[in-house]
A.B. asks: 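Here it is, the structure, as structure tokens.
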Amino acid sequence: ACSSKLALSQVHPMWQGPLAIPGGDRQSPIDIAERRSVFDPQLRPLKVQYDPRTCQQIWNNGYSFLVEYDDTTDKSTLKGGPLEDQFRLCQFHFHWGENNAWGSEHSIDRRLYPAELHIVHWNSDKYSLFEEAVMEDNGLAVIGVFLKIGKRHEGLQKLVDALPAVRHKDSLVEFTKFDPACLLPENIDDYWTYAGSLTTPPLTEAVTWLVMKQHIEVSHDQLAVFRSLLFTSAEEQVQRSMVNNFRVQQALKGRTVRSSFS
Ligand SMILES: NS(=O)(=O)c1cccc(F)c1
Ligand SMILES: [Zn+2]
């Protein structure tokens, strides 16, 4: 699997710290100022090919819940857009708030959403393991999708129903035949892309971000189940609700955000 070995679960939920990051000139998340983004007509449409049979498990890593995919073959891939190489799907997870006023990591002209989906892929043309790619420039490609409160998302419900089984940190259950493509907006041709980083430790500057312009809708009740998860393991005396698991926004440091649309 693609993230269990990373020391992510050591992350304290209220971690937002001034961790010393080597170089730190392409950190994520950021605010995307629409009018400052530059249309790049050379950006090709994204090509997403996911095989739901590669879906393996869902687990609570003490920071978010992850749905993990078998990434030992090129069955579920992402290419196109700004990407020169083929990227392999390894996991998806979310970030959300304690209420609907905030929760996303990125924002568009300072507008925050109640939650944000991250679909994580690693460069399988250049590396042989996620753990390698996560340390390298051009190692990862992450699709970000904003969630808005509205109508119930039928495809999400199978995932929502599995969450009580992974309520506590380090709990894991089998979860199969889930196609993450059902969580993408209809239009994936309109997106912003920029060079950034992981938003949780190790915070490595390995990510080509692909932030979708179109959001998806989920119901208030569906998002409430996300907030029923806990940061803490079953043994801990004090239980803490898993909410506000987003990183503070980072300086742009001269980066240009490109748009695939004019
Ligand atoms: N939140 S994120 O930048 O998508 C991320 C953090 C850590 C590991 C990973 F694979 C993806
Ligand atoms: Zn994330």
Side-chain angles (χ1 to χ4, degrees), residues 1-13 15-17 19 21 24 26-32 54 56-71 76-78 83 87-97 102-107 112-124 127 129-147 159 169 180 183-184 191-212 215-216 223 226 229 231 242-250 255:
C2 61
S3 60
S4 22
K5 298 168 203 70
L6 271 181
L8 293 188
S9 57
Q10 271 61 49
V11 179
H12 186 280
W15 163 85
Q16 316 266 12
L19 276 173
I21 300 110
R26 52 173 280 190
Q27 289 290 295
S28 294
I30 60 170
D31 172 58
I32 296 171
T54 58
Q56 288 183 317
Q57 63 204 14
I58 182 170
W59 70 293
N60 178 330
N61 72 351
Y63 194 81
S64 181
F65 64 90
L66 309 182
V67 176
E68 289 192 320
Y69 286 76
D70 167 24
D71 59 357
S76 292
T77 58
L78 166 68
L83 307 173
F87 288 69
R88 210 176 270 182
L89 169 68
C90 67
Q91 53 107 324
F92 70 81
H93 63 274
F94 298 81
H95 303 263
W96 60 91
W102 62 76
S104 61
E105 296 212 298
H106 292 91
S107 53
L112 291 163
Y113 287 81
E116 185 173 333
L117 160 66
H118 289 160
I119 310 178
V120 182
H121 315 74
W122 55 274
N123 188 330
S124 54
Y127 309 107
L129 281 176
F130 167 80
E131 283 75 12
E132 273 175 56
V134 81
M135 305 314 280
E136 302 296 333
D137 168 50
N138 188 24
L140 302 183
V142 182
I143 294 175
V145 182
F146 294 116
L147 275 61
L159 178 53
K169 175 181 170 190
L183 298 177
L184 292 172
Y191 57 86
W192 292 279
T193 182
Y194 77 97
S197 74
L198 298 183
T199 65
T200 65
L203 297 171
T204 42
E205 298 183 332
V207 182
T208 297
W209 279 96
L210 301 159
V211 179
M212 294 295 122
H215 61 263
I216 59 170
L223 199 52
F226 284 26
L229 294 175
F231 282 125
M242 184 179 275
V243 293
N244 301 330
N245 55 357
F246 51 83
R247 187 190 192 190
V248 292
Q249 293 188 341
Q250 304 294 305
R255 287 173 283 179

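In listed order, ligands and their atoms are each counted from 1. When reading the values below, keep in mind they use all heavy atoms of this one structure, side chains included, and skip hydrogens, waters and symmetry mates.
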A.B. asks: With respect to T200, determine whether any N or O atom, backbone or side chain, lies less than 3.5 Å from an N or O atom of ligand 1.
C.D. replies: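 Checking ligand 1 against T200, no N or O pair falls under 3.5 Å apart.
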A.B. asks: Would you please name every residue forming a side-chain hydrogen bond (donor to acceptor under 3.5 Å, both in side chains) with H118, sequence neighbours left out?
C.D. replies: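 Partners of H118 under the side-chain hydrogen bond (donor to acceptor under 3.5 Å, both in side chains) test: H93, H95, E116.
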A.B. asks: Between ligand 1 and F92, can you find any atom pair, the residue atom being a heavy atom, that is separated by under 4.0 Å?
C.D. replies: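 Judged by the 4.0 Å heavy-atom criterion, F92 does not count as contacting ligand 1.
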A.B. asks: Does V120 approach ligand 1 within less than 4.0 angstrom via side chain, backbone, both or neither, non-hydrogen atoms only?
C.D. replies: side chain
A.B. asks: For ligand 1, which atoms have a heavy atom of F130 less than 4.0 angstrom away?
C.D. replies: 10 (F)
A.B. asks: Answer yes or no for R247: is there a heavy-atom contact with ligand 1 below 4.0 Å?
C.D. replies: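 Contact absent.
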A.B. asks: Does the Q27 side chain pair with the main chain of S197, one donor and one acceptor, at a distance under 3.5 Å?
C.D. replies: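 The answer is no, because no donor-acceptor pair under 3.5 Å joins these two groups.
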A.B. asks: Which residues satisfy the side-chain hydrogen bond (donor to acceptor under 3.5 Å, both in side chains) test with N123, sequence neighbours excluded?
C.D. replies: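 By the side-chain hydrogen bond (donor to acceptor under 3.5 Å, both in side chains) rule, N123 matches D85.
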A.B. asks: Cut-off 3.5 Å, side chains only: do Q56 and E68 have a donor facing an acceptor?
C.D. replies: no
A.B. asks: If you compare all heavy atoms of F231 against all heavy atoms of G62, which two are closest, and at what distance to 0.1 Å?
C.D. replies: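 Taking every non-hydrogen atom into account, CD2-O, 3.3 Å.
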A.B. asks: Among residues at least two apart in sequence or on other chains, which ones pass side-chain hydrogen bond (donor to acceptor under 3.5 Å, both in side chains) with Y194?
C.D. replies: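 Once residues adjacent in sequence are excluded, the partners of Y194 under the side-chain hydrogen bond (donor to acceptor under 3.5 Å, both in side chains) criterion are S28, H106.
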A.B. asks: Using ring centroids (six-membered ring only for Trp), state whether W96 and Y113 fall under 6.0 Å.
C.D. replies: no
A.B. asks: Ion pair present between D137 and R26, side-chain N to carboxylate O less than 4.0 angstrom?
C.D. replies: yes
A.B. asks: So, regarding H93 and ligand 1 (criterion: nitrogen or oxygen to nitrogen or oxygen, under 3.5 Å), is there a contact or not?
C.D. replies: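 Yes; the residue has a nitrogen or oxygen that sits under 3.5 Å from a nitrogen or oxygen of the ligand.
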A.B. asks: Considering the options L129, T204, V120, which one meets the side chain to side chain contact (heavy atoms under 4.5 Å, CB included) requirement together with V134?
C.D. replies: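 In the set L129, T204, V120, the residue that makes a side chain to side chain contact (heavy atoms under 4.5 Å, CB included) with V134 is T204.
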A.B. asks: Looking at CD1 of I143 and CE of M212, how far apart are the two atoms once the value is rounded to the nearest 0.5 Å?
C.D. replies: 5.0 Å
A.B. asks: What atoms in ligand 1 come closer than 4.0 Å to a heavy atom of H95?
C.D. replies: 1 (N)
A.B. asks: Around the Zn ion (ligand 2), what protein N, O or S atoms are found below 2.8 Å?
C.D. replies: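 Checking every protein N, O and S atom gives H93 NE2, H95 NE2, H118 ND1.
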A.B. asks: Please report whether ligand 1 has a polar contact with Q91, defined as an N or O pair separated by less than 3.5 Å (distance criterion only).
C.D. replies: no
A.B. asks: Using a 4.0 Å cut-off to any heavy atom of W209, which atoms of ligand 1 qualify?
C.D. replies: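 Answer, ordered by atom number: 3 (O), 4 (O).
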